[in-house]
Amino acid sequence: MNIDLFLTPYGESGLLCDSPLGRGVAGIILDAQTLDITLEFSSGDTLHLNIPIEEEHRDMLLFSHRMFVSSLSDGRVAETAEVPLMYLNDPYGGSFGGGSPILKKPRLSLVGFEQFMKRAVAAQPIHREDLGDEQSSACVLRGMNPAALQYVPQLVRQRLLEVAPKIPVTPAMMPVMNGPGGMGAGSGTSFARPIRPKTGQGHSDLPDDPY
């Protein structure tokens, strides 16, 4: 598996793998001294990426607190999540496991990942399966446009749900429960019988009761 680090001018970062990880990433650890990155999986396993980040990107990542982790399958995005970015040896006073005050656990964000890739202006190799293979130094995108990545079918539906407009629920849209006699209890219309005042002769001055 080969992995690249992508960055935007706005302090955003993300990892893109050329094949599915096959397991969920729970968090990312950056060692500010060695500039190494380690992926922590929900299973408890870890993956140490074997290429340090470039020194010029260190401070930006130390203030990021989050990172996208995505992977490709046959040239399409097969999985993506935004995960907490934690630090070791943080020179600015952070501590291991500090994480973001906002993002506490991984979250699915397809549209967020899309926008991130459209803004990406820099990339570097961050992990290579075979460091001795010169061909592996090529970008994991292999010429694909980062601003026009496609999704695997399983994620297409998820993206549609994510961007679907949120329609507010009004009382008129609520289901009407049937009250006694099968009439709609929530219709707002009264079906009470009129009160029939009686005359002195025992007859009503209203028409005969149709009920």
Side-chain angles (χ1 to χ4, degrees), residues 1-30 36-54 57 60-61 64-86 99-100 102-131 133 135-166:
M1 175 184 295
N2 300 324
I3 306 174
D4 283 354
L5 170 68
F6 288 81
L7 305 110
T8 76
Y10 309 104
E12 303 163 299
S13 60
L15 303 178
L16 185 61
C17 314
D18 64 358
S19 60
L21 289 165
R23 45 191 171 165
V25 177
I28 299 172
I29 302 170
L30 168 63
D36 292 328
I37 285 180
T38 301
L39 305 185
E40 283 198 333
F41 298 96
S42 54
S43 63
D45 296 333
T46 60
L47 173 63
H48 299 283
L49 307 189
N50 55 19
I51 302 176
I53 65 168
E54 296 174 5
H57 303 317
M60 187 276 286
L61 290 176
S64 177
H65 295 291
R66 62 185 62 201
M67 185 179 284
F68 287 100
V69 179
S70 307
S71 63
L72 301 173
S73 177
D74 296 326
R76 295 174 179 263
V77 179
E79 54 192 5
T80 183
E82 193 175 13
V83 303
L85 177 58
M86 302 171 285
S100 166
I102 300 175
L103 186 65
K104 294 296 184 181
K105 59 183 180 180
R107 68 179 182 184
L108 183 66
S109 181
L110 299 178
V111 175
F113 169 71
E114 271 182 28
Q115 297 304 312
F116 161 72
M117 290 302 293
K118 289 178 180 179
R119 292 189 290 266
V121 295
Q124 72 151 93
I126 199 72
H127 183 78
R128 289 298 181 263
E129 190 72 26
D130 183 0
L131 288 173
D133 183 3
Q135 293 184 348
S136 70
S137 61
C139 179
V140 297
L141 286 175
R142 300 187 180 279
M144 291 183 290
N145 182 357
L149 293 175
Q150 302 293 314
Y151 293 107
V152 296
Q154 297 92 321
L155 289 185
V156 171
R157 173 178 169 80
Q158 179 62 43
R159 186 191 179 283
L160 291 175
L161 292 173
E162 192 171 309
V163 301
K166 302 297 187 294

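Predicted model, so just to flag it, every value in this text is computed and none were measured. Numbers here simply count residues along the sequence, with the first being 1.
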Rounded to the nearest 0.5 Å, what separates atom CD1 in Ile28 from atom OG1 in Thr46? 13.0 Å
Is any side-chain heavy atom of Arg107 closer than 4.5 Å to one of Arg66? yes
Show the nearest heavy-atom pair for residues Ser64 and Leu85, with the distance to one decimal. CB-CD2, 4.1 Å
Shortest non-hydrogen contact from Pro106 toward Pro84: N-CD, 4.0 Å
Determine all donor-acceptor pairs shorter than 3.5 Å in which one atom belongs to a side chain in residues 13-24; sequence neighbours excluded.
{"residue": "Asp18", "atom": "OD1", "partner": "Asn2", "partner atom": "N", "Å": "3.0"}
{"residue": "Asp18", "atom": "OD2", "partner": "Asn2", "partner atom": "ND2", "Å": "3.3"}
{"residue": "Arg23", "atom": "NH1", "partner": "Asp45", "partner atom": "OD2", "Å": "3.4"}

Test item: Tyr151 side-chain N/O and Leu110 main-chain N/O as donor-acceptor pair under 3.5 Å: yes
Can you name the side-chain hydrogen bond (donor to acceptor under 3.5 Å, both in side chains) partners of Thr38, sequence neighbours left out? His48
Quick one, Leu61 and Leu7 - any side-chain contact, counting heavy atoms below 4.5 Å? yes
Measure the shortest side-chain to side-chain distance between Arg119 and Gln115 over non-hydrogen atoms and say whether it is less than 4.5 angstrom. yes
Is the shortest side-chain heavy-atom distance between Leu141 and Pro146 below 4.5 Å? yes
Where Met67 and Ile37 come nearest, the two heavy atoms and their spacing: CE-CD1, 4.4 Å
Heavy-atom closest pair, residues Arg128 and Val140: NH1-CG1, 4.3 Å
Say you draw a straight line from CD of Glu82 to OG of Ser70; how long is it, rounded to the nearest 0.5 Å? 10.0 Å
Does any non-hydrogen side-chain atom of Val83 lie less than 4.5 Å from one of Leu39? no
Would a distance-only check, ignoring hydrogens and angles, find a side-chain to backbone donor-acceptor pair under 3.5 Å from Asp4 to Cys139? no
Rounded to the nearest 0.5 Å, the CD atom of Gln150 sits from the CG atom of Leu72 at a distance of 11.5 Å
What I'd like to find out is whether the side chain of Phe6 reaches to under 4.5 Å of the side chain of Phe68, using heavy atoms alone. no
Could you tell me which residues satisfy side chain to side chain contact (heavy atoms under 4.5 Å, CB included) with Glu54, sequence neighbours excluded, listed by chain and number? Glu56, His57, Gln124
Shortest non-hydrogen contact from His127 toward Ile51: N-CD1, 4.0 Å
Would you give the length of the straight line joining atom CD1 of Ile53 to atom CG of Leu30, rounded to the nearest 0.5 angstrom? 5.0 Å
Is it true that atom CG of Asp74 has more than 12 heavy atoms of other residues, nucleotides or ligands lying nearer than 6.0 Å? no
All heavy atoms of Leu108 vs all of Thr80, minimum pair found to be CD1-O, 3.2 Å
